[in-house]
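For reference, the structure discussed in these notes is given below.
Naming convention: chains lettered A, B, ... in sequence-line order (proteins, then strands); numbering from 1 in each chain. This is a predicted model, so every value here is computed, not measured.
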Number of protein chains: 2
Amino acid sequence: MYFPVHWNANKLRGCEDQNMNKNPLQDYIQNFVSLTEEEAEQFVSCFEEVKVKKRQFIVQPGFTNKHRSFVVKGAFRTYAVLDDGQEHTLQFAIENWWVSDFNSYLYQHPATLFIVALEDSTILRIEYSKEQELKESNHKFETFFRIMAEKGLAFEHRRILFDLTHDAEARYENFLLNYANFIQRVPQYALASYLGMSTEFLSRIRNKRIRKKS
Amino acid sequence: MYFPVHWNANKLRGCEDQNMNKNPLQDYIQNFVSLTEEEAEQFVSCFEEVKVKKRQFIVQPGFTNKHRSFVVKGAFRTYAVLDDGQEHTLQFAIENWWVSDFNSYLYQHPATLFIVALEDSTILRIEYSKEQELKESNHKFETFFRIMAEKGLAFEHRRILFDLTHDAEARYENFLLNYANFIQRVPQYALASYLGMSTEFLSRIRNKRIRKKS
DNA sequence: CGGTAGTTCAAGAAAAAAGGTTGATCTAGT
DNA sequence: ACTAGATCAACCTTTTTTCTTGAACTACCG
């Protein structure tokens, strides 16, 4: 299924690659809880595969974020836009990351964030109520989602602490070190707004490094 | 308020023109029903001003279209995407036109259409329940919305009849004649899909005309 | 059967938008 | 006064979008 958002459907043509390689979500969950074959199948069967074209939004303020999505292929950016037009990137997600406006999803309230595809992408998404059923039906699923939340929380704590205690250049270096694989895939303006600096300043930091090296 | 949808906020800068010229909706409604000053103010006070960036959707399939919108500035395109990816444009709207997925709005069901901004735009929008209140509260408002619906219905009847009875070139000529002001503002692929022909064929029709003229 | 009205496909050209860089000027905090 | 960083404007590059064109194809009409 295609996510029903596209500016010009012509651009959809040629995006029909069928990567029918074994469901990556099944591998993923097994890293956290050990499921029987049937359980794993039950789990993944609650997810729907959706393809999203680059630059398309899967979440927008004003619309409730009804799904939690697992990125099979591609990249996403989650960000807020303030009244003055400034953007702040909260999260990037590539393969094997989850993406949603978590406040909107958890409370089923209208979103305040944007989530946009940075590349042509494929996600597996589960609907809110389906997730609730899943968790009720089996202790292990409950555990899985608990672990996801705890890991997410811990991650954000680390991020906040780091950002609070380091300057722009250090934040960039840190990102480079820990998320090298994101670097080539996220546009610089998005990274700058993730790291809390202007795009111009990030551009300068990068040039400084390059010059240093040579 | 900005409609909370934009790809890159950089592009928002310079979009803050303050056309604080008297509310155009107030002028508009007075063309159809004659309101006292207070009534006119009551009416417009039920609308919210929203800015929308080019290429942003204000309605998408799957989400209920909760507002009826009056275009203050800009241009919109309402279209459907069939399963095979083909797009069909149902309506264009520029200044002083209304725009919504009317089926979704009227019945408050999930939309099946896309509505996208073709330019940076400003709309005044009213929420469904607010509109109901308005209509109950004053006979004149009821009358106004009745007139809007009747005009809309008559318009669509004319359109359908014309389309059914004319070939591609005649449909284009007719559009040119009646909606000359739209021509420069809607992309050709969108116009082609409105007029029910391929973009290539429209391109040929246009060239034929140009050659004729000279 | 050939002609009209139109489609689809593929390749390119042209136009517009997105993304990135740079210099200059400014600012808040130490 | 310095530092870290922002803002603004101009400019360049790259990517995307939109439009055009030729060629081959289809469906119906008389």
B:Phe114 and B:Tyr79 aromatic ring geometry - parallel, tilted or perpendicular at 30°/60° bounds: parallel
Among B:Arg77, B:Lys54, B:Arg185, salt bridge (Lys or Arg N to Asp or Glu O under 4.0 Å) partner for B:Glu119: B:Arg185
Near-ring test A:Phe70/A:Phe47, centroid separation under 6.0 angstrom: no
Rounded distance (Å) that lies between atom C1' of C:dT22 and atom CG of A:Leu202: 14 Å
For atom OH of A:Tyr189 and atom P of D:dT13, their distance in whole Å: 21 Å
Whole angstrom value for the distance that separates C1' of C:dA18 from NZ of B:Lys53: 12 Å
Upstream residue (5' side of DNA chain C) when A:Gln188 and B:Glu200 are each assigned their closest nucleotide: B:Glu200
Polar atom pairs (N or O), protein with nucleotides 26-30 of chain C, under 3.5 Å:
none

Euclidean distance, atom NZ of residue B:Lys208 to atom C1' of D:dT20 [Å, nearest integer]: 16 Å
Nucleotide C:dT8, atom C1' - distance to CD of B:Glu87 in whole Å: 17 Å
Base of C:dG23 paired with side chain of A:Arg204 (donor-acceptor, under 3.5 Å): yes
cation_pi(B:Lys66, A:Phe63) dist<6.0 Å, angle<=45: no
Output field: ring centroids A:Phe57/B:Phe57 closer than 6.0 Å: no
A:Lys135 to A:Phe145, cation-pi by 6.0 Å centre distance and 45° axis angle: yes
Angle between terminal axes - the helix from C:dC1-D:dG30 to C:dT30-D:dA1, 5 pairs each end, rounded to 10°: 30°
Below 4.0 Å: OP1/OP2 of D:dT16 and any side-chain N or O of B:Arg55: no
Separation of D:dT16 C1' from A:Glu119 CD (nearest whole Å): 16 Å
ring-ring contact (aromatic ring centres under 6.0 Å, His included) between A:Tyr28 and A:Trp97, worked out: CA-CA 10 Å; A:Tyr28 182 84; A:Trp97 288 64; 9.9 Å; no
Heavy-atom pair with the smallest gap, counting every atom of A:Leu202 and A:Ala192: CD2-N, 3.6 Å
From CG (A:Leu195) to CD (A:Gln188), nearest 0.5 Å: 10.5 Å
Identify each atom pair where a protein N or O and an N or O of nucleotides 2-6 of chain C are less than 3.5 Å apart, giving names and distance.
from, atom 1, to, atom 2, distance (Å)
C:dG6, OP1, B:Ala168, N, 3.0

Derivation of the ring-ring contact (aromatic ring centres under 6.0 Å, His included) call for A:Phe144 and A:Phe43: CA-CA 11 Å; A:Phe144 173 70; A:Phe43 185 80; 5.5 Å; yes
Spacing between A:Asp84 atom CG and D:dA6 atom P, to the nearest angstrom: 14 Å
B:Lys54 vs C:dA17: side-chain N/O to OP1/OP2 distance below 4.0 Å: yes
Main-chain N/O of B:His166 paired to B:Arg171 side chain as donor or acceptor, under 3.5 Å: yes
Protein-nucleotide distance (B:Leu191, atom CG; D:dC19, atom C1'), rounded to Å: 13 Å
A:Tyr179 ring center within less than 6.0 Å of A:Phe92 ring center: no
